[in-house]
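Side chains are part of it too, since the values below use all heavy atoms of this structure and drop only hydrogens, waters and symmetry mates.
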Amino acid sequence: MTPEVTFVGTATTVLRIGGFTLLTDPNFLHRGQRAYLGRGLWSKRSTDPALTIPELPPLDAVVLSHLHGDHFDRVARRGLDRSLPILTTPQAERKLRRWGFGAAEGLPTWRAYELHRGDETLRLTALPGQHGPGLLDRALPDVMGSLIDLEQGGERRFRLYVTGDTLRRPQLAEIPARFPDIDAMLIHLGGTRVAGILLTMDARQGADVVELIRPRLTVPIHYDDYPVFRSPLRHFVEEARRRGFASQIRTVSRGETVPLTP
């Protein structure tokens, strides 16, 4: 089966990779509802999710880059199966377990978690990420990227990098050094700004990371669902065209399913 992604909205996707189905960063608030961003900050959602929780397919796990209200909201907290593995940061694991998600698994950077089915193994490795610049990062939730490898019969068949809400930072250079030959990347963009401070990659930073990671295919997500997102998708597409890799970008609309192969 060709690996594919269904874009639900924000950073929420359904990934079908081999015989496994994953949900990323569950945000099911609707247009006009507010997401809590911490430190007394809220942002009102501008869009509707393409799916509701009852409409999701059976899931093997949830991949959660960090615990912010636009990545794991009160709808997800109420509606998701609490026995599902949630693969996330150690910081988020502690809170999720207090909320009753007993299978939450906190992964320090470079630590891996495996799912098995028949001769297939899906291995998720936590990757470095940094949500805010300098000392401000300490006031924000810990964030991780995720590397998802599918192996069949002991051979790697597919490799996906999900960036999470990171900025472009020097530590990201270790990702392609450790994990070359990345087939596809889901990149969190949006150029999120709070009080004028950049907290997620804008078009220029996103293009820098594409050039650093050099995946065969890049699918942008997390770019227009909240007013704090200030860098629209078209800016990233224009930057990719200017730098000469637009043919390696595949945009996806909410509710659309696209293959994760070039």
Using atom types as modelled and distance alone, determine if a side-chain donor or acceptor of [X] lies under 3.5 Å from a backbone N or O of [Y].
X	Y	value
R117	G19	yes
E4	L15	no
D202	G191	no
Q91	D142	yes
R16	M1	no
S231	G190	no
R31	S46	yes
R82	R77	yes
T89	A92	yes
E174	Q171	no

Inspect the contact between [Y] and [X] and indicate whether a charged nitrogen and a carboxylate oxygen are less than 4.0 angstrom apart.
X	Y	answer
D48	R254	no
E114	R123	yes
E238	R242	no
D70	R34	no
R157	D149	no
D183	R159	no

In the structure I gave you, are the side-chain heavy atoms of [X] and [Y] within less than 4.5 Å of one another anywhere?
X	Y	answer
I197	P133	yes
R74	R78	yes
I249	F236	yes
T6	V258	no
L260	F158	yes
L22	V14	no
L127	W110	yes
L199	V194	yes

Do [X] and [Y] have side-chain atoms, one donor and one acceptor, less than 3.5 Å apart?
X	Y	answer
T2	T261	no
D25	S65	yes
D165	H68	no

- Taking the six-membered ring for Trp and the full ring for Phe, Tyr or His, determine whether the centres of F72 and F28 are under 6.0 Å apart.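 No, the ring centres sit 6.0 Å or more apart.
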- Would you please indicate yes or no on a ring centroid separation below 6.0 angstrom for Y223 and H188?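 No; Y223 has its ring centre 6.0 Å or more from that of H188.
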Quick check on side-chain contact (heavy atoms from CB on, under 4.5 Å): which of [options] does [X] satisfy it with?
X	options	answer
V209	L172, L167, T166	L172
Y161	I213, T125, I187	I213
V62	L87, L96, L84	L84
T200	H222, R193, Q205	H222

- Task: Determine, using the 4.5 Å side-chain heavy-atom cutoff (strictly less than), whether V219 and L51 are members of one ILVMFWY cluster.
- Result: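 No, separate clusters.
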- Query: Should L122 and V162 be regarded as members of a common hydrophobic cluster, given that ILVMFWY residues are connected when their side-chain heavy atoms come within less than 4.5 Å of each other, either directly or indirectly?
  - Reply: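 Yes, same cluster.
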For [X] against [Y], the heavy-atom pair lying closest together:
X	Y	result
R243	E211	NH1-OE1, 2.9 Å
F229	D224	CD1-N, 3.4 Å
G69	A35	O-CB, 3.6 Å
M144	A126	SD-CB, 3.7 Å
T12	N27	OG1-N, 2.9 Å
E93	T88	N-CG2, 3.8 Å

- Message: Which label fits H66 and H131: parallel for a plane angle under 30°, tilted from 30 to 60°, or perpendicular past 60°?
- Response: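 Geometry flag for H131 against H66: perpendicular rings.
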Distance from [X] atom [atom1] to [Y] atom [atom2], nearest 0.5 Å?
X	Y	atom1	atom2	value
Q33	K44	CD	NZ	10.5 Å
L80	W99	CG	CH2	11.5 Å
L150	L160	CG	CG	11.0 Å
R214	D181	CZ	CG	10.0 Å
L217	R250	CG	CZ	4.5 Å
R204	R168	CZ	CZ	8.5 Å

